[in-house]
K.L.:
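I'd like to ask some things about the structure below.
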Amino acid sequence: MIQYRFGAEGDLTAPSDDRLTVGDPRVIDFLAKLARKLLTPAVARRHPELGSLGFFLRPAELNRTVAHLQRDDAIVFPRGNVFHIPPANVDTIFVYSWALSALAGNHNVVRISERSATAADTILTALNEVLAEADPVIGRTQRMITYGRDDKVTAALSNWADLRVIWGGDSAVEAIRKHPLRPSARDLTFPDRTSWAALSAAGWRAAEPARRREAVLGFTNDSYWFDQAACSSPRTVFLVGENTDDVREEFIELLLQTVGQRGWEIDAAMAVEKRVNAYGLAATGAVSAMTFPANSVTAMSLNTVPDAPRRWIGAGAFPFAEVGSLLELVPAMNRQDQTFSHFGFGRDELREFALALGGRGVDRIVPFGSALTFGSIWDGYDLPREFTRLTTLVE
Amino acid sequence: MSSVFTLSQAAKEEILLKELSALTEHHRENCEPYARILAANGYRNATSVEGLPWLPVRLFKNLELKSIPDDEVYKVLTSSGTTGGEVSKIYLDKAAAAEQTRKLGATVQSVLGPKRLPMILVDTKAMLKDRKSFSARGAGVLGMSNFGRNHVWALDNEGHVDVEALKGFLEQYGKEPFLIFGFTYLVWLHLYEVALDNGLDLSNGILIHSGGWKKLVDQAVSPEEFRKRLAAVGLTQVHNYYGMIEQIGTIFLEGASGGSLYCPDFADVVIRDPETWAEQPVGKPGLIEVISTLPTSYPGHVLLTEDLGVVHGVDDGDWPGKRFSVLGRLPRAEARGCSDTYREAA
């Protein structure tokens, strides 16, 4: 049973005579109007994450992305048909994934989870309002649907697609990959990821108190927004320097204050979840100390850097480990690692770290507060490029 | 009648603090993961029962926790959890296995008397053959069946009520005290209605039942309603109990007048505030911590459950000590992140 949430109803895989171009003005017009709707104060107040989305979809931003796609050695075209399978619970990803693909001129079908949250409904309402006054080609080429466990639909759309975009972690990728693609098509996958935070003790000590507060506020948003379970939410905090106990203590103190002020609530079930995980890490010898200053914050001391857990251990659960320099972390990083949020480091230090990683792990190195900010380069992919194909012409 | 419900709260706490502190040291010396947890938690010693270090009960699903060498493992109990197929593993040596049976016996004898009574099992024999559900339900029924004799199964192999078997049993044994055991919802669904429809005389029966109220709450049957309706078919000696495989042998038994569970002399409960984790005062609900001297072969002597409960009073009920109720279960925390979310994946 297919529920049509956006766009024309009917056969999703039927051949279409509609043609869009890379950076099609009708698409840019549509996305710009959507951005305006998402940036209205009423929406932004209720769902602040939609504000960032609206910002991402501003015409200037879109035009920059399109300009960036153009090249001298080839003509850029849409990839064709794109089937998006976004995650259920991070409710804005589907728009980023779809919007960049639409901007590239593709025909898109987006599967929206049955379990999608209220922000998703708000976006869909906005999308449909804009659609009413948009060029009809948008509705004919851009479709968003919800369907339950139905392998037939997934199989048909997989066979239709030139590119299949699978978000939602390893299990989603595995489940969806059971459905074959056409020989010419391929997958763009977003598997399970782990993200980290690093705090320079020297940088922290040198920072004004206001800067420290600001850093902690950013870190708090990064961590608590999606219950610390978004792929880019930091888990372990690396304290870089020597004798960093004072830094850790003040950081936790500010964290407790900020979480309280922001009103992030950690319920009893989550508190128990965190205890189970912390005790488990202690039992196996991964952590040597654990403290529970409040339900909102669980702090642990890791015995060694490789002991840092790569799985989700609850909202507001922070293993800490001290290292002498960022370079000491390089051997512990691997392909699963995505975002590395930082505070207090110099530009050279960060660049040296990035170069030492050599692309073997960590796709994003961003300051505290930007971990969740979506960009068109994500998980190591330049998404607009992934959504296009190239034709070479030699005269 | 000999009873294990004898100690006042103060007397009990004095004994339990001593025994459980010693047990904590015993496990610390013999169970390395447990020792690491205590070290990470900074535990040194307790000056009150409330101060004893608790483990979240779910740890037994994730970890192998035992305080005996492998070659002394006599029995491994497993319980299938309700979520994600995780299974608790409880390791018993010979001594612990014998002691838990003995203490469970002593607890039920506090209401049954020392003699084995003729017994109705409100269940089906077929269930014992079902390997999947055997561990939880079967172990409960088999464990309890030891305390009766001349058993009759109330349900046939198809799960229908065997009215003739019940009538035959009552004809033979119904004039003297007899024991009825079953899971709460089975008693409600099968025994109560059949007794009502067929005019069965259950007035000499002593019912011991357990297994959670969720299915009954769904049908809007409260524990009070349950007792009231059973009384209408003559069944007035009714004892609910609360217990878990992670503290096998320890059950918290409902007193004669109903409405409250009581702790045997070798066990206790602490209701914890889920915000401060301190003990709640009487009347304030919180998470139930169960305490028992029985777990000697694994560090399960102080466990924080994921059940909510409330203490109604201390030394003021059918038996001395704390009396409490179980109010329900804490929901399982779930992440709303980008991985772990595609369970309905097509």
Side-chain angles (χ1 to χ4, degrees), chain A residues 85 87-90 93 111 113-115 117 147-151 153-154 167-172 174-176 179 190-193 226-233 267-276 278-285 287-292 295 300-301 312 314-315, chain B residues 27 31-43 53-66 81 83 86 272-278 280 285-289 299 303-308 328-346:
Chain A
I85 303 142
N89 288 353
V90 175
I93 289 275
R111 184 204 165 164
S113 166
E114 291 171 299
R115 302 192 292 126
Y147 60 93
R149 276 174 184 278
D150 192 342
D151 282 355
V153 180
T154 305
W167 302 80
D170 292 3
S171 58
E174 270 164 43
I176 300 295
H179 302 284
F190 297 91
D192 290 341
R193 307 307 304 267
F226 291 106
D227 293 336
Q228 216 180 343
C231 18
S232 6
S233 315
D267 62 16
M270 187 65 82
V272 170
E273 179 73 32
K274 290 200 288 179
R275 292 267 184 169
V276 169
Y279 280 49
L281 288 168
T284 57
V287 312
S288 59
M290 51 188 178
T291 57
F292 308 90
N295 278 354
M300 290 154 273
S301 303
W312 179 75
Chain B
H27 290 309
C31 178
E32 201 183 345
Y34 182 72
R36 290 196 196 115
I37 289 171
L38 294 193
N41 224 352
Y43 172 80
W54 47 265
L55 294 187
V57 70
R58 218 195 303 153
L59 275 194
F60 289 90
K61 295 193 199 292
N62 305 335
L63 300 169
E64 184 181 282
L65 295 170
K66 58 181 165 57
T83 39
E86 296 165 319
R272 290 200 181 269
D273 180 338
E275 206 40 63
T276 65
W277 302 93
Q280 292 280 42
L287 281 173
I288 302 175
E289 172 185 316
L303 296 176
L304 187 81
T305 72
E306 294 181 32
D307 294 319
L308 296 162
R329 230 179 138 63
L330 203 62
R332 179 84 180 254
E334 283 195 57
R336 55 184 197 119
C338 25
S339 52
D340 174 49
T341 53
Y342 206 74
R343 262 165 295 160
E344 85 270 46

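So that the names make sense, note that chain A is the first sequence line, chain B the second, and so on, each numbered from 1.
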K.L.:
Could you tell me which portion of B:Leu38 (side chain, backbone, both or neither) has an atom closer than 4.5 angstrom to a non-hydrogen atom of chain A?
P.N.:
neither
K.L.:
Can you say whether B:Leu63 sits under 4.5 Å from chain A via the side chain, the backbone, both, or neither, judging by heavy atoms?
P.N.:
side chain
K.L.:
How long is the straight-line distance from CG of B:Leu330 back to CG of A:Asp267, given to the nearest 0.5 Å?
P.N.:
7.0 Å
K.L.:
With a 4.5 Å cut-off on heavy-atom pairs, point out which of A:Ala271, A:Gly285, A:Ser233 contacts chain B the most.
P.N.:
A:Gly285
K.L.:
Under the criterion side chain to side chain contact (heavy atoms under 4.5 Å, CB included), I'd like the reasoning laid out for B:Trp277 against A:Arg275: C-alpha separation, chi angles, the key distance, then a yes or no.
P.N.:
CA-CA 12 Å; B:Trp277 302 93; A:Arg275 292 267 184 169; 3.7 Å; yes
K.L.:
Less than 4.5 Å to any heavy atom of chain A: does that hold for the side chain of B:Glu275, its backbone, both, or neither?
P.N.:
both
K.L.:
Please state whether the side chain, the backbone, both or neither of A:Phe292 comes within less than 4.5 Å of a heavy atom of chain B.
P.N.:
side chain
K.L.:
Considering only heavy atoms, which portion of A:Thr284 lies under 4.5 Å from any heavy atom of chain B: side chain, backbone, both, or neither?
P.N.:
both
K.L.:
With A:Gln228, which residues qualify under side-chain hydrogen bond (donor to acceptor under 3.5 Å, both in side chains), at least two apart?
P.N.:
none
K.L.:
If we ignore hydrogens and angles and just use 3.5 Å, is the side chain of B:Asn62 paired with the main-chain N or O of A:Gly280 as donor and acceptor?
P.N.:
no
K.L.:
Taking all non-hydrogen atoms of both residues, which atom of A:Ala268 and which atom of B:Pro274 are closest, and how far apart?
P.N.:
CB-CB, 3.4 Å
K.L.:
Checking side chain to side chain contact (heavy atoms under 4.5 Å, CB included) for the pair B:Trp54/A:Tyr279: CA distance, chi angles, key distance, verdict?
P.N.:
CA-CA 10 Å; B:Trp54 47 265; A:Tyr279 280 49; 4.2 Å; yes
K.L.:
Go through the steps for A:Val272 and B:Arg58 under the test side chain to side chain contact (heavy atoms under 4.5 Å, CB included), then give the verdict.
P.N.:
CA-CA 9 Å; A:Val272 170; B:Arg58 218 195 303 153; 4.3 Å; yes
K.L.:
Going through the distances and angles, do B:Arg36 and A:Val287 end up as a side chain to side chain contact (heavy atoms under 4.5 Å, CB included)?
P.N.:
CA-CA 9 Å; B:Arg36 290 196 196 115; A:Val287 312; over 6 Å; no
